Amino acid sequence: MLKKIFLILAFLLIIPTVAYGAGSSAAAAIVMDADTGEILYEKNIYSELSMASTTKIMTSLIACESGKLNETVTVSEEMLNSVGTSLGLGEGSKITLYDLVVGMLLASGNDAANAVAVYLGGSLEGFAAMMNEKARALGMEDSLFVTPSGLDEGNHHSTALDMAILTAAALKNETFSEICSQKSMAVSISGEKQTLYNHNKLLSFMDDCVGVKTGYTSKAGRCLVSAVKRNGNTMICVTLNDADDWNDHMALYDECAKKYTVKEMKNTVNIPVVGSVKTYAPASYNISVSVLNTNYLTVEYYYFPFVYAPIKKGEEIGKAVIKYKEKEIASAPLAAEESIEYYVKQE
């Protein structure tokens, strides 16, 4: 049975989590830590606004979670109504659900979004109900989805906060995360391959950008949801109705990255030894983590009630788990600091 020991580390430094130095020309904006949900920057994050094709984050996530990505969709007339931007689908076209997700996230194909919606929801209205059910499950309290593509219809809207919450959930899906990070991908429509290029220029502007989705309608203006992985942290930025979104996202990331503190975590624990003249085997770990507030760091040690000799120096005989707000963010081996020989009693 593993022995679990809790050690709560308290530190004096408290890091503010809202970045006041950065700015944005957006009607609404947010920068959020994807793993903890902590807000690093905010501007009108509860304002209900149109979000254009960033809507396709929701449509794509539902598709990725459907378990049907390998299935082939035959495009119907219903799927092609009022599409606007198009992947180039025609009635009777055959394409996998996976390639439809690629078409949404890279080329922002409204026909791809409609095809996904009708295939999975039975109709555009049926899929809208699925989107809103998913939104409620994620805690998106101020959003209403009407269209799968983001075309403005009815009271289709969201908030910067809700879109950040949605994106944090979507990035946890391996398929979604992989697709939205690609600058280009090939899809096959009725057996003919074509290469799609991602509309998200931040993938080229920033080496650490990992997605996510652009959007535009005349009502919504320029909308952009992006994510970066920096120093082990994933940050999400959402701007709604922002004429200078590329620059705003880059500036906000640079500013908000300064809010993290890199903390070196290290310690030595004594683990009981059987079969040696020595009673304990000292084992240590050393790891650095980047967090917003070091007060929330805790360490849990996992090891057996005792270990048997012999033990080699550097051998892993336990594990240190680093948690932030009770959630695991890193782990490191507890390595023996010295070799311990087996002792045989002489008769």
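The analysis underlying the following values was restricted to heavy atoms, covering all of them including side chains, and did not include hydrogens, waters or symmetry mates. What you see is a predicted model, and the numbers here were worked out from it, not measured in a lab.
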A.B. asks: Set out, in order, the CA-CA distance, both residues' side-chain angles and the distance that settles side chain to side chain contact (heavy atoms under 4.5 Å, CB included) for Thr159 and Ile45, then state yes or no.
C.D. replies: CA-CA 6 Å; Thr159 66; Ile45 62 173; over 6 Å; no
A.B. asks: Applying ring pair (Phe, Tyr, Trp, His ring centres under 6.0 Å), can you list everything that pairs with Tyr46, at least two apart in sequence or on another chain?
C.D. replies: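 By the ring pair (Phe, Tyr, Trp, His ring centres under 6.0 Å) rule, Tyr46 matches no residue at all.
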A.B. asks: Checking side chain to side chain contact (heavy atoms under 4.5 Å, CB included) against Leu224, which of Leu240, Val238, Asn200, Thr54 comes through?
C.D. replies: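 Of the listed options, the one satisfying the test is Asn200.
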A.B. asks: Say you draw a straight line from CD1 of Ile322 to OG of Ser331; how long is it, rounded to the nearest 0.5 Å?
C.D. replies: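 Going from the CD1 atom of Ile322 to the OG atom of Ser331 covers 8.0 Å.
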A.B. asks: Is a donor on one side and an acceptor on the other found under 3.5 Å between the side chain of Asn132 and the backbone of Leu144?
C.D. replies: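 No, because the side chain of Asn132 does not come within donor-acceptor range (under 3.5 Å) of the backbone of Leu144.
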A.B. asks: Would you say that Glu338 contacts Pro282 through its side chain, given a criterion of any heavy-atom pair below 4.5 Å between the two side chains?
C.D. replies: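 Contact flag for Glu338/Pro282 side chains = yes.
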A.B. asks: Does NZ in Lys172 sit with more than 12 non-hydrogen atoms of other residues, nucleotides or ligands closer than 6.0 Å?
C.D. replies: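 Counting other residues, nucleotides and ligands, NZ of Lys172 exceeds 12 neighbours.
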A.B. asks: To the nearest 0.5 Å, how far apart are NZ in Lys68 and OG1 in Thr96?
C.D. replies: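 Going from NZ on Lys68 over to OG1 on Thr96, the span is 14.5 Å.
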A.B. asks: Tyr296 side chain to Val291 main-chain N or O, any donor-acceptor pair under 3.5 Å?
C.D. replies: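 No; judged by distance alone, with no hydrogens or angles, the pair does not exist.
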A.B. asks: Less than 4.0 angstrom from a charged side-chain N to a carboxylate O is my criterion; do Glu341 and Lys278 meet it?
C.D. replies: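 Salt bridge flag = no for Lys278 with Glu341.
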A.B. asks: Decide yes or no on side chain to side chain contact (heavy atoms under 4.5 Å, CB included) for Val299 and Lys323, but give the supporting numbers first.
C.D. replies: CA-CA 6 Å; Val299 182; Lys323 291 190 172 184; over 6 Å; no
A.B. asks: Between the main-chain N or O of Leu87 and the side-chain N or O of Asp111, is there a donor-acceptor pair closer than 3.5 Å?
C.D. replies: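 Confirmed, Asp111 side chain pairs with Leu87 backbone.
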A.B. asks: Looking only at side chains, do Ser53 and Lys56 share a donor and an acceptor under 3.5 Å apart?
C.D. replies: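 Per modelled atom types, Ser53 and Lys56 side chains form a pair under 3.5 Å.
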A.B. asks: Output yes when Lys319 and Glu300 qualify as a salt bridge under the 4.0 Å nitrogen-oxygen rule, no when they do not.
C.D. replies: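 Salt bridge flag = no for Glu300 with Lys319.
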A.B. asks: Can you see whether Glu38 engages Tyr324 through a side-chain donor-acceptor pair at a distance of less than 3.5 angstrom?
C.D. replies: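 Distance-only check passes for Glu38 and Tyr324.
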A.B. asks: Indicate if Ile39 and Val212 have the same hydrophobic cluster label, given that clusters are the connected sets of ILVMFWY residues with side-chain heavy-atom separations under 4.5 angstrom.
C.D. replies: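 Yes, same cluster.
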A.B. asks: Answer yes when Arg222 and Asp242 have at least one side-chain N-carboxylate O distance shorter than 4.0 Å, and no when they do not.
C.D. replies: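 Salt bridge absent between Arg222 and Asp242.
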A.B. asks: Please round to the nearest 0.5 Å and tell me the distance separating atom CE of Met131 and atom CG of Leu61.
C.D. replies: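 Met131 atom CE to Leu61 atom CG measures 10.0 Å (nearest 0.5 Å).
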A.B. asks: Taking Ser50 for its side chain and Ala52 for its backbone only, find out whether a donor-acceptor pair lies under 3.5 Å.
C.D. replies: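 It does not hold such a pair.
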A.B. asks: Side chains of Glu337 and Thr268: any donor to acceptor distance under 3.5 Å?
C.D. replies: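 Glu337 and Thr268 do have a side-chain donor-acceptor pair below 3.5 Å.
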A.B. asks: Which distance, rounded to the nearest 0.5 Å, do you find between the CE of Met163 and the CE of Met58?
C.D. replies: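 Reported to 0.5 Å precision, the distance equals 8.0 Å.
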A.B. asks: For the residue pair Ser290 / Asn233, report whether a side-chain donor-acceptor contact shorter than 3.5 Å exists.
C.D. replies: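 The answer is yes; a qualifying pair exists.
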A.B. asks: Please list, chain by chain and in numerical order, all residues satisfying side chain to side chain donor-acceptor pair (under 3.5 Å) with Asp33, sequence neighbours excluded.
C.D. replies: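 Once residues adjacent in sequence are excluded, the partners of Asp33 under the side chain to side chain donor-acceptor pair (under 3.5 Å) criterion are Thr36, Tyr260.
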A.B. asks: Would you say CD of Glu141 has more than 12 non-hydrogen atoms from neighbouring residues, nucleotides or ligands within 6.0 angstrom?
C.D. replies: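 For Glu141, atom CD is not crowded (no more than 12 foreign heavy atoms under 6.0 Å).
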A.B. asks: Do other residues, nucleotides or ligands put more than 12 heavy atoms under 6.0 Å from the NZ atom of Lys325?
C.D. replies: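 Yes, the 6.0 Å shell around NZ holds more than 12 heavy atoms from other groups.
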A.B. asks: Apply the test side-chain hydrogen bond (donor to acceptor under 3.5 Å, both in side chains) to residues Ser108 and Lys213: give CA-CA distance (whole Å), side-chain angles for both, the deciding distance (0.1 Å), then the verdict.
C.D. replies: CA-CA 8 Å; Ser108 201; Lys213 186 70 189 75; 2.9 Å; yes
A.B. asks: Between Leu120 and Met130, what is the shortest heavy-atom contact and its length?
C.D. replies: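 Answer, listing the atom of Leu120 first, then Met130: O-SD, 3.8 Å.
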A.B. asks: If we ignore angles and hydrogens, is there a donor and acceptor under 3.5 Å between the side chains of Ser25 and Asp248?
C.D. replies: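 Indeed, the side chains of Ser25 and Asp248 share at least one donor-acceptor pair under 3.5 Å.
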A.B. asks: Return yes if some donor-acceptor pair links the side-chain N/O of Ser190 with the main-chain N/O of Lys94 below 3.5 Å, else return no.
C.D. replies: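 Present.
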A.B. asks: Same cluster for Val102 and Val210 if Ile/Leu/Val/Met/Phe/Trp/Tyr side chains link at under 4.5 Å?
C.D. replies: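 No.
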A.B. asks: Are the ring centres of Tyr301 and Tyr303 closer than 6.0 Å?
C.D. replies: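 That pair fails the under 6.0 Å test.
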A.B. asks: Take a 6.0 Å sphere around CG of Asn70 and say whether it holds more than 12 heavy atoms from other residues, nucleotides or ligands.
C.D. replies: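 It does not: Asn70 CG has 12 such atoms or fewer within range.
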A.B. asks: For the pair Ser93 (side chain) and Leu89 (backbone), establish whether a donor and an acceptor sit closer than 3.5 Å, ignoring hydrogens and angles.
C.D. replies: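 Not confirmed, Ser93 side chain does not pair with Leu89 backbone.
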A.B. asks: Could you pull out all donor-acceptor pairs under 3.5 Å where a side-chain atom in residues 176-183 meets a protein atom, sequence neighbours excluded?
C.D. replies:
unit_1	atom_1	unit_2	atom_2	d
Glu178	OE2	Gln182	NE2	3.0
Ser181	OG	Ser177	O	3.4
Ser181	OG	Glu178	O	2.8
Gln182	NE2	Glu178	O	3.2

A.B. asks: Whether the side chain of Lys43 engages the backbone of Ser24 through a donor-acceptor N/O pair (distance < 3.5 Å, no angle test) should be reported.
C.D. replies: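 The answer is yes, because a donor-acceptor pair under 3.5 Å joins these two groups.
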A.B. asks: With the 4.5 Å side-chain cut-off for hydrophobic clustering, are Leu97 and Val187 part of the same group?
C.D. replies: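 In one cluster with Leu97: Val187, yes.
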A.B. asks: Taking the side chain from Asn44 and the backbone from Ala27, do they hold a donor-acceptor pair closer than 3.5 Å?
C.D. replies: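 Checking the backbone N and O of Ala27 against the side chain of Asn44, a donor-acceptor pair under 3.5 Å is found.
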A.B. asks: Would a single hydrophobic cluster contain both Leu105 and Tyr98, if residues Ile, Leu, Val, Met, Phe, Trp and Tyr are joined by side-chain heavy-atom contacts under 4.5 Å?
C.D. replies: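 Same cluster: Tyr98 reaches Leu105 through Ile, Leu, Val, Met, Phe, Trp or Tyr contacts under 4.5 Å.
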A.B. asks: A quick test of your reading: do over 12 heavy atoms of other residues, nucleotides or ligands sit less than 6.0 Å from NZ of Lys327?
C.D. replies: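 Above 12, so yes.
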A.B. asks: Determine, stepwise, if the pair Phe306 / Phe304 fulfils ring pair (Phe, Tyr, Trp, His ring centres under 6.0 Å).
C.D. replies: CA-CA 5 Å; Phe306 57 84; Phe304 288 101; 8.6 Å; no
A.B. asks: Strictly distance-based, threshold 3.5 Å: is any side-chain N or O of Asn241 a donor or acceptor partner for the main-chain N or O of Ala28?
C.D. replies: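 No; zero donor-acceptor contacts below 3.5 Å.
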A.B. asks: Might you work through the side chain to side chain contact (heavy atoms under 4.5 Å, CB included) test for Ile329 and Val289, ending with a clear yes or no?
C.D. replies: CA-CA 8 Å; Ile329 60 171; Val289 295; 4.2 Å; yes
A.B. asks: Would you give the length of the straight line joining atom CG of Leu202 to atom CG of Asp245, rounded to the nearest 0.5 angstrom?
C.D. replies: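 One finds 7.5 Å between CG of Leu202 and CG of Asp245.
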A.B. asks: Would you please name every residue forming a ring pair (Phe, Tyr, Trp, His ring centres under 6.0 Å) with His156, sequence neighbours left out?
C.D. replies: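 In terms of ring pair (Phe, Tyr, Trp, His ring centres under 6.0 Å), with neighbours along the sequence ignored, His156 is linked to Phe145.
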A.B. asks: Kindly determine whether Val101 and Thr175 satisfy side chain to side chain contact (heavy atoms under 4.5 Å, CB included), including the steps that lead there.
C.D. replies: CA-CA 10 Å; Val101 174; Thr175 302; 5.9 Å; no
A.B. asks: For atom CD of Glu133, is the number of surrounding heavy atoms from other residues, nucleotides or ligands below 6.0 Å larger than 12?
C.D. replies: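 Not more than 12 within 6.0 Å, no.
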A.B. asks: Could you tell me the separation between the CE atom of Met206 and the OG atom of Ser226, rounded to the nearest 0.5 Å?
C.D. replies: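 Between atom CE of Met206 and atom OG of Ser226 there are 7.0 Å.
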A.B. asks: Please check if the number of heavy atoms outside Glu264 that lie under 6.0 Å from its CD is greater than 12.
C.D. replies: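 It does: Glu264 CD has more than 12 such atoms within range.
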A.B. asks: Report yes or no: does Thr147 contribute a side-chain atom to a donor-acceptor pair with the main-chain N or O of Leu151 at less than 3.5 Å?
C.D. replies: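 Yes; at least one donor-acceptor contact below 3.5 Å.
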A.B. asks: Could I get the full list of side chain to side chain donor-acceptor pair (under 3.5 Å) partners for Asp254, not counting sequence neighbours?
C.D. replies: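 Per chain and number, Asp254 pairs via side chain to side chain donor-acceptor pair (under 3.5 Å) with Arg230.
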A.B. asks: With heavy-atom distances below 4.5 Å as the criterion, would you say the side chains of Lys266 and Ile287 are in contact?
C.D. replies: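 No, too far: nothing below the 4.5 Å cut-off.
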A.B. asks: Check side chain to side chain donor-acceptor pair (under 3.5 Å) between Asp35 and all other residues, then give those that pass, not counting sequence neighbours.
C.D. replies: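 Listed in chain order: nothing, the list is empty.
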A.B. asks: Using the rule that Ile, Leu, Val, Met, Phe, Trp and Tyr join whenever any side-chain heavy atoms are under 4.5 Å apart, tell me whether Leu49 and Ile57 fall into a single cluster.
C.D. replies: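 Yes, same cluster.
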